[in-house]
Amino acid sequence: MFNLTYLKERSREVADALKCMFAPRPAQVIASVEHLQQFLDQRASHVTQTALYGYLRTRAGSRYPELFANEIFAKAMNAAKWNIWVACVSDLAIYAGGLICRRGANPEADTARVIAEAIEVILLRVGVPAEADSEYPAVVARLRERVHACAWRNVPDNEAAFTESPGALVHWAPIVDELKQLDEEIVMNSVRFRWKEVRQELRQGLDADALLACVTADSV
């Protein structure tokens, strides 16, 4: 028998997330590390939720609401959500760092500091979520390693930085492997498409000189 209260709550949560896909967002100025970490976190969360829930909804069809009454599925979905979110933060942080590096007056070392600081603020806020699985610490460690090793001047202003999130959705989504193999190209392209608007937002809102000036002032 379904837990109707639980089912209604989960269905409402997913419906709200999907509505966000079409909700207009005001222009956001990104001129400080605080602004940057908020942008990274919010946009990564948006892409994660809309991509994951959208994929599950497409695959489940009319049975989609029933899945949230299944505790095993709900647990797998929530664990997947956090791993995909880390991949989304990773991709967007690398892209943002490349944009900052190209626009700033003296950017290389300060870019590394800006991105590392923003990432640590986000990870500290989230901690280790109760819904995360045993893979989560390793996924976070790979994020830190990627940021630490990045050659910021070599990150182009296109989709090249977004290498983790498309595959993460395919890998972590709680769908049988046979179906994921059939869906792989379409699913990965859907994630890549979601980043197009986010890149445009960042291009328009980023004030790299002001952001880097904040880091320089903190170091004096």
Side-chain angles (χ1 to χ4, degrees), residues 2-25 28 38-93 95 122-123 125-136 139-140 143 159 162-201:
F2 295 145
N3 182 327
L4 294 179
T5 300
Y6 178 79
L7 175 58
K8 289 178 181 178
E9 289 176 353
R10 298 302 305 197
S11 297
R12 188 180 303 114
E13 175 186 336
V14 175
D16 289 344
L18 291 172
K19 287 178 183 178
C20 289
M21 207 184 306
F22 305 101
R25 280 195 292 263
Q28 181 174 344
Q38 289 173 351
F39 183 86
L40 296 178
D41 190 3
Q42 292 169 2
R43 298 304 182 265
S45 296
H46 176 77
V47 170
T48 298
Q49 291 179 9
T50 56
L52 176 59
Y53 295 157
Y55 181 28
L56 296 177
R57 188 172 191 172
T58 298
R59 257 301 168 198
S62 61
R63 295 187 62 249
Y64 178 65
E66 299 176 15
L67 294 177
F68 295 91
N70 184 312
E71 293 184 5
I72 295 175
F73 176 84
K75 181 178 180 180
M77 182 191 67
N78 287 325
K81 174 183 67 179
W82 286 109
N83 292 332
I84 296 166
W85 172 78
V86 173
C88 288
V89 171
S90 178
D91 283 351
L92 186 53
Y95 173 77
I122 294 170
L123 294 177
R125 180 190 64 79
V126 171
V128 178
E131 297 172 328
D133 62 14
S134 60
E135 299 290 333
Y136 182 79
V139 174
V140 170
L143 162 59
E159 67 175 23
F162 296 85
T163 59
E164 297 295 315
S165 53
L169 177 56
V170 175
H171 180 75
W172 296 109
I175 294 175
V176 296
D177 289 341
E178 291 82 359
L179 294 178
K180 287 197 286 189
Q181 289 173 4
L182 294 173
D183 299 338
E184 182 173 3
E185 184 176 357
I186 294 173
V187 171
M188 292 180 69
N189 284 336
S190 75
V191 177
R192 294 185 184 106
F193 177 78
R194 293 173 199 277
W195 287 120
K196 184 177 180 179
E197 181 182 349
V198 177
R199 289 197 299 273
Q200 185 62 27
E201 285 186 86

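Because the structure is predicted, anything quoted here is derived from the model rather than measured. In what follows, every heavy atom counts, from backbone to side chain, and hydrogens, waters and symmetry copies are set aside.
Around CD1 of Ile72, the count of heavy atoms belonging to other residues, nucleotides or ligands within 6.0 Å does not exceed 12. Around CG of Leu179, the count of heavy atoms belonging to other residues, nucleotides or ligands within 6.0 Å exceeds 12. For CD of Gln42, the number of neighbouring non-hydrogen atoms (other residues, nucleotides, ligands) closer than 6.0 Å is greater than 12.
At distances below 3.5 Å, not a single donor-acceptor pair connects side-chain atoms of Lys75 with backbone N or O atoms of Glu131.
Taking CD of Glu197 as the start and CZ of Arg43 as the end, the distance is 8.0 Å to the nearest 0.5 Å. Rounded to the nearest 0.5 Å, atoms CD (Gln181) and CD (Glu178) are 6.5 Å apart. Note that the CD1 atom of Ile186 and the OG1 atom of Thr58 stand 10.0 Å from one another [nearest 0.5 Å]. Remark: Met77 CE to Ile175 CD1 distance equals 11.5 Å, nearest 0.5 Å. Atom CG of Leu92 and atom CD of Glu164 lie 13.5 Å apart (nearest 0.5 Å).
Between Asp41 and Arg125 there is a salt bridge, with a side-chain nitrogen of the basic residue lying less than 4.0 Å from a carboxylate oxygen of the acidic one.
Geometrically, Arg194 does not engage Phe162 in a cation-pi contact, judged by NZ or CZ lying under 6.0 Å from the ring centre and within 45° of the ring axis.
Side-chain contact between Cys88 and Ile84 is present, with at least one heavy-atom pair separated by less than 4.5 Å. A 4.5 Å side-chain heavy-atom check between Leu56 and Pro174 finds at least one atom pair inside the cut-off. Two residues are said to be in side-chain contact when any heavy atoms from C-beta on lie closer than 4.5 Å; Val139 and Trp172 meet this criterion. At a threshold of 4.5 Å between non-hydrogen side-chain atoms, the residues Asp183 and Tyr55 count as touching. The closest side-chain heavy-atom distance from Asp91 to Pro166 is below 4.5 Å. Taking the side chain as every heavy atom from C-beta outward, Trp85 and Lys81 never approach each other to under 4.5 Å. Contact annotation: the side chain of Phe39 approaches that of Val198 to within less than 4.5 Å [non-hydrogen atoms, C-beta and beyond]. Within the 4.5 Å cutoff, no side-chain heavy atoms of Leu169 are placed close to those of Met188.
In this pair, Trp82 and Tyr136 present their aromatic rings perpendicular. The plane angle is above 60°, beyond the 30 to 60° band.
The two atoms that bring Arg192 and Arg199 nearest to each other are O-NH1, 4.5 Å, heavy atoms only.
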